[in-house]
Amino acid sequence: MPSRHRQFRVRCFLVVLFLSSFTLCLWLNHLPFTPLQARWPEVATAQSPNTSLLVQQGIEQYRAGDLQEAIASWQTALSAYQSSNNLVNQAIVREKLAIAYQQIGQCEQAINYWKEAIANYRSSGEFVKVGQLLTELAQTYSRLGQNKEAIALLCGVSETDEYCLKSEGSALQIAQKFSDRQGEVAALGSLGEAYRFRGKYDKAIENLEASLKITQEINLPVYRSSVLNSLGNAYFSKAQLNEQRANSARLRSAEIMASEFIKEATFYYKKALEYFNNSLELTRTQNDPSGQMRTLLNLIQLYYRPKDSKLPDNTNQAEQALQSALTLLERLPNSFNKVYAAIDLAELEQLVSSSNSTSFQAQCLPRKLKDSQAEELLKKAVSIAQSIKDSRSESFALGKLGHLYECRKDYNKALDLTKQARLAADQKLRAKDSLYLWEWQAGRIFKAQGKESEAIAAYERAIATLQGEGGIRNNLLITDQDSQFSFRDTISPLYREFARLKLERAESLHIANQEEYQKELDSGLDAIDLLKLAELQNYFGNDCVFTVFDQERVDDLEREDTAIFSSIILEDRTAIVLSLPNPKNQVKPNAERRLKKLVWINETKKFTEEIQKFRKEVQRYYDLTDAFLTPAQNLYNSIIHPFTSDLERAKIKTLVFIQDGLLRSVPMAALHDGQEFLVQKYAIATTPGLRLTSPKPLNFQGLRMLALGLTEAATVDGEKFQPLENVADEVNQVTKLFPGSKKLFNKQFTDESLKQELKQTNYPIIHIATHGQFGTIPEDSFLVTGNNEKITITQLESDIRSFSGSSKPMELLVLTACQTGVGDDRATLGMAGITVQAGVRSALASLWYLDDAFTQELVVKFYDNLRSQMSKAEALKEAQKALINQNKKIHPAQWAPFILIGNWL
């Protein structure tokens, strides 16, 4: 289930993409913890009365919503103060300019003015102001998705962000040192928001509650309503995370754990509701219409969320809140706040069902309001944005109005409005984050009109905007971790739709123009490669940078005996693209080194059901009816059979799969042609992408292993894990194969001991024999260690990354006795992420738990094959074949779950 929680606050980059119920989350209130209208600093007038009038004129223009004129007035005033070297008034005017630029979406300009103002105040010894503006600067960084930078300014840098250092010169330290209680409230509140954006909800709540306590002690009701609203958001996020974890547990058939997560989600939803209601009551008491609107919109979102939790039906309250918001909208003065509120209300979706809540920017879902009412709201938003000359809000209003006409199939009107939105977004690139949305929208409209070339050009511009300088895509991927699921409904469709256009064009060119056919296939695959990288970054939800290898290095992987299968699952059909070495007699100057061939599988729904059926049946080792054979043969006929003559003609020995969606959790080795399993004919590997795969072959010199194992029963997070009786023999045997290896069992096997070993010794191979789970989200992906503890996948990745940054990167990580959920298309991202993010060249992991006696036999054979200098893919193939050959009745559940990820050489 995608996350449907909307966050109404200022954002400079399009966090809107991660939210699915409303279409915009750009509720442009003033900074949440510094009510600026109540605290405009006054300039000194003795030296320059005319300049101070300019400053006041700018304030009046700002309050009237005339931001561009306000900026012009303040910049003129700033020049005058610079001429007279008046540092104090320079700082005051720079503050105002930072606020104004922030509101029109030019956060880089805002940051520059915040920094200059801070420097002015520091020079004049006004350290309380330095602390306050550090908080403002931190909030701006948070809106850019740069929450680590925000935390550093507010509190100081800690390696894990788990605790506040209160470093000298940080906003919080300055506020506490100079007893600036209001500054402390703002710093703590902003720190809470930054932690929430990083998905650290407990730390967020801790800081927000500390902020709330101070507002009560010194009676700051304006601040208190903002903090209450933020606490509601934090608990809302925590509730949604627990619902996502419940869904992940159900996919693993962990029903007890799923039930516990739902109980926790229900508790957190109630807490969120309590805080939102308290905030709303306070804003009404204060006669704060902007604060009321902000909280009402959050309440509406909570009321209309999917009803997976056990809260009572709040339909009546939801309708009342919606009507209150519509009435309140008329009372708001014309401003960018009002523009975005109107857009949010117009875009409020009718919830169809929790099982079908896959809304995204391009879909046309039923609205809560009548279509005509939504149209009026969007037209009003356009008019207000134009009257206050705010091109950023105008861009969103025009674009959403265009989307409304797109859904009506009035494509001429839709395209005209979309072009206007694109033009408004492109004014001095000040709304570049929205520009890609309107390019995408234009592409969809052109496609609907049958204008293929125009559609492709628009999609290319949209992707170029995301991928280009400025970090838009990266900030989208790592912001609001409670909304990771919406990635598949927002960014993902853009890349898939573009790939589809390119593949369909290739299909039409196949006979007529082979050269263009190859180029179009390459272009489509390139788009999917970008999507794979984005999926991994979104899954881990952090700001690390993956190593992407250039094409020359990729060529080293693509040997003459290797074929690459790429799958692209679209809404109605699935593309399978085979990449083969170009026969030598066809090689010409500038010719493609490899040739690609496209085959379509129709009826994606039926194909997906076949995948799920195979994945379910193939792991039932106790089923003596061989029920897996029919789906195994069906999948073989769909994916492999259309290319069998090509594979034979090219004398292929190794198949590498770049899988999409549910196919990532399928053991391709167990596909069956009616006579034998696929692995009996080919060595098999999988990779998230060729350019994400380290190209170097295995270095056989000096191989040694760190082996960690758990033989005892364990209980982690309330879930019981049975003892693994054969792990001791497994670890003892594999360590004997590599001199200089070391083994750690049970209580010796901890996260700390792993770190210590990696720091002290270079181990090219790490072998971990323990229970493991890979879930839909990283929080539910972990390995069980000694003392009833666990190492999460992110901890393991961090430990290995620290080690693999050395001059001798890790060659191989082996994880036995693991498990991924049936039907969980995200679980294997955790496995793939280890090889990509931590810098491990290859990983061998199991898709489900299997008898550890078979595991022991298979991995020992695999390592023995490696020692004879087979490629890793060949070593796994021969180990699996050995089990099949020695026992013809052996069920594939006992050997097929092991998949090789990453480098296969």
Side-chain angles (χ1 to χ4, degrees), residues 3 5-11 15 18-19 22 25-36 135-136 138-143 145 147 150-151 153-155 161 164 171-172 175 181-217 220-241 268-283 286 288 290-302 337 479-483:
S3 170
H5 182 17
R6 305 309 305 264
Q7 313 300 334
F8 297 97
R9 65 190 59 79
V10 181
R11 295 289 176 81
V15 177
F18 289 121
L19 309 167
F22 298 144
C25 68
L26 298 169
W27 177 236
L28 287 175
N29 249 331
H30 291 304
L31 302 180
F33 303 103
T34 49
L36 299 172
T135 296
E136 307 260 21
Q139 290 177 348
T140 307
Y141 276 121
S142 280
R143 292 168 195 134
N147 298 298
I151 292 169
L153 289 167
L154 292 163
C155 194
D161 296 343
C164 176
L172 187 55
R181 299 290 271 168
Q182 291 190 27
E184 188 175 2
V185 167
L188 286 168
S190 300
L191 190 59
E193 288 288 270
Y195 277 128
R196 184 170 68 83
F197 291 154
R198 289 189 69 78
K200 298 181 183 296
Y201 304 128
D202 290 334
K203 292 297 297 181
I205 290 168
E206 176 188 330
N207 284 281
L208 289 168
E209 286 180 342
S211 181
L212 181 64
K213 184 179 179 182
I214 298 173
T215 67
Q216 293 166 336
E217 290 173 352
L220 288 174
V222 176
Y223 287 84
R224 187 157 66 249
S225 63
S226 291
V227 179
L228 286 167
N229 185 70
S230 291
L231 276 165
N233 282 331
Y235 277 107
F236 201 161
S237 297
K238 199 168 182 182
Q240 289 184 302
L241 176 63
Y268 296 136
Y269 275 129
K270 289 179 178 177
K271 291 287 287 184
L273 185 60
E274 177 186 344
Y275 279 118
F276 286 146
N277 280 327
N278 289 342
S279 177
L280 182 61
E281 182 180 352
L282 197 54
T283 56
Q286 298 163 347
D288 174 13
S290 291
Q292 288 179 55
M293 181 63 80
R294 174 196 62 209
T295 307
L296 278 170
L297 290 170
N298 281 336
L299 272 171
I300 291 168
Q301 176 58 39
L302 187 148
N337 287 352
T479 305
D480 267 357
Q481 293 313 300
D482 56 307
S483 302

> Taking only residues two or more places apart in sequence or in another chain, which ones pass side chain to side chain contact (heavy atoms under 4.5 Å, CB included) with Glu206?
Replying inline: Lys203
> When rounded to the nearest 0.5 angstrom, what distance separates CG in Asp288 from OG in Ser279?
Replying inline: 8.5 Å
> For Asn277, which residues count as a side chain to side chain donor-acceptor pair (under 3.5 Å) partner, sequence neighbours excluded?
Replying inline: none
> Nearest 0.5 Å, what's the CG-CD1 distance between Leu212 and Ile205?
Replying inline: 12.5 Å
>> Looking at every non-hydrogen atom in both residues, tell me the closest pair between Ala234 and Leu208 and how far apart they are.
In response: CB-CD1, 4.2 Å
>> Using every non-hydrogen atom in the two residues, find where Ala175 and Glu184 come nearest and quote the distance to one decimal.
In response: CB-N, 3.5 Å
>> Minimum heavy-atom separation for Ile151 and Ala194, please, with both atom names.
In response: CG1-CB, 3.8 Å
>> Run the side chain to side chain contact (heavy atoms under 4.5 Å, CB included) test on Thr215 and Val222 for me, step by step, so that the C-alpha distance in whole Å, both residues' side-chain angles and the decisive distance to 0.1 Å come before the verdict.
In response: CA-CA 9 Å; Thr215 67; Val222 176; over 6 Å; no
> Taking the six-membered ring where the residue is Trp, are the ring centres of Tyr268 and Phe236 under 6.0 Å apart?
Replying inline: no
> How would you list, by chain and number, every residue that makes a side chain to side chain contact (heavy atoms under 4.5 Å, CB included) with Ala204, sequence neighbours excluded?
Replying inline: Tyr195, Arg196
> What heavy-atom pair brings Gln182 and Tyr223 nearest, and what distance separates the two atoms?
Replying inline: OE1-OH, 3.3 Å
>> Do Arg181 and Leu220 have side chains that approach each other closer than 4.5 Å (heavy atoms only, starting at C-beta)?
In response: no
>> Is it the case that the side chain of Ser237 and the backbone of Asn233 share a donor-acceptor pair, with hydrogens and angles ignored and the cut-off at 3.5 Å?
In response: yes
> Quick one: CD on Glu281 to CD on Gln286, what's the gap to the nearest 0.5 Å?
Replying inline: 10.5 Å
> Roughly how far, to the nearest 0.5 Å, is the CG atom of Leu299 from the OH atom of Tyr275?
Replying inline: 14.5 Å
> About how many Å separate CG of Leu280 and OG1 of Thr283, when rounded to the nearest 0.5 Å?
Replying inline: 4.5 Å
> Looking at residues at least two apart in the chain, or sitting in another chain, which of them share a ring-ring contact (aromatic ring centres under 6.0 Å, His included) with Tyr141?
Replying inline: none
>> To check you understand the geometry: which heavy-atom pair defines the closest contact between Ala272 and Gly232, and what is its length?
In response: CB-O, 3.4 Å
> To the nearest 0.5 Å, how far apart are CD in Gln292 and CG in Asn229?
Replying inline: 12.5 Å
>> List the residues meeting side chain to side chain contact (heavy atoms under 4.5 Å, CB included) with Ala171, not counting sequence neighbours, and say none if there are none.
In response: Leu134, Thr135, Leu154, Ala187
>> Please check this pair: side chain of Ser211 against backbone of Asn207, looking for a donor-acceptor N/O pair closer than 3.5 Å.
In response: no
>> Does the structure place the NZ or CZ of Lys271 under 6.0 Å from the centre of the six-membered ring of Tyr235, at an angle of no more than 45° from the ring's axis?
In response: yes
> Who pairs with Ser225 by side chain to side chain donor-acceptor pair (under 3.5 Å), at least two apart in sequence or on another chain?
Replying inline: none
